[in-house]
Amino acid sequence: NEKELAHLAENSPSAKEGILHKKGPGRGQGYKPRWFRLCGNLLFYFKIEDFNLESWKGNEPAGCIVLEGFTIQDESVHHHTNCFQILFGSSAGSKDDGTRHYHLMAPDYTQLHEWNKALSEASYEHWRKTLRMLQQRVLLLSGNVCLSVYDLVCYST
């Protein structure tokens with residue numbers, strides 16, 4: 001499985017990739033640079049050595065975040081700007097519910113917004129909602145209805 005994930009991480013087309021700084025899981029740990037690749041709803045991250053942008057290639061990912069059931073929250077505070085969190089679970093704001101939270105920092109304001117947009121559009125739930133909205137538009141405009149997400153043949157009503 002790890003080899004398959006590594007192959008997927010390196011060879012799949014990415015919607016966005018670049019450096020983000022990831023905060024370690026313990027208190028007091030600082031932000032470390034990681035190379036991130038967003039492939040579908042999978043967000044891979046790699047360790048990079050001394051900001052050598054090519055050093056991640058050929059390595060297994062340090063981690064993979066499955067982007068389903070999450071929210072993005074702005075976290076720019078005090079000394080750090082361009083920070084955000086990826087929060088999972090039903091109580092997305094709670095830090096004591098046992099769910100995983102990822103603290104990330106973009107290099108600048110533009111990258112922060114680009115990452116937020118790309119991550120927001122990465123989940124299958126986002127695309128299901130978009131498809132439902134488009135199906136409703138087709139129905140309203142043409143009188144045709146698509147039976148399901150999987151049945152793309154439309155029948156006249």
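Numbering of residues begins at 1 and proceeds along the displayed sequence.
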All side chain to side chain donor-acceptor pair (under 3.5 Å) counterparts of K117, not counting sequence neighbours: E121
Heavy-atom closest pair, residues I72 and F70: CG1-CE1, 3.8 Å
Note, I86 side chain near H101 side chain (heavy atom, < 4.5 Å): no
Validation row: K22, K32 side chains within 4.5 angstrom (heavy atoms): no
Exercise: identify the closest heavy-atom pair between A6 and E60: CB-CG, 3.8 Å
Pairing residues for D108 by the side chain to side chain contact (heavy atoms under 4.5 Å, CB included) criterion, not counting sequence neighbours: T110, Q111
Shared hydrophobic cluster, L131 / Y124 (ILVMFWY, side-chain heavy atoms < 4.5 Å): no
Inter-residue atom distance R34.CZ - I48.CD1, 0.5 Å rounding: 8.0 Å
Cluster overlap V66 with L8, hydrophobic side-chain contacts below 4.5 Å: yes
With sequence neighbours excluded, residues passing salt bridge (Lys or Arg N to Asp or Glu O under 4.0 Å) with K16: E114
Single-linkage hydrophobic cluster, 4.5 Å side-chain cutoff, F36 and M105 together: no
L43 vs C64 side-chain heavy atoms within contact, under 4.5 Å: no
Residue list, side chain to side chain donor-acceptor pair (under 3.5 Å) with N82, at least two apart or on another chain: none
From NE2 (H103) to CZ (F84), nearest 0.5 Å: 11.5 Å
Residues in side chain to side chain donor-acceptor pair (under 3.5 Å) contact with N116, at least two apart in sequence or another chain: none
Pairing residues for H113 by the side chain to side chain donor-acceptor pair (under 3.5 Å) criterion, not counting sequence neighbours: Y109
ILVMFWY network linking W35 to Y31, side-chain heavy atoms under 4.5 angstrom: no
Residue that, paired with L119, satisfies side-chain contact (heavy atoms from CB on, under 4.5 Å) out of N41, I65, L38: L38
Intermediate values then yes/no, side chain to side chain contact (heavy atoms under 4.5 Å, CB included), H7 and K3: CA-CA 6 Å; H7 179 76; K3 296 252 186 232; over 6 Å; no
R37 side-chain N/O to A9 backbone N/O, donor-acceptor pair under 3.5 Å: yes
Side chain to side chain contact (heavy atoms under 4.5 Å, CB included) assessment of L42 paired with L67: CA-CA 6 Å; L42 301 176; L67 296 171; over 6 Å; no
Expected output: side-chain S14 to main-chain E17 donor-acceptor under 3.5 Å: no
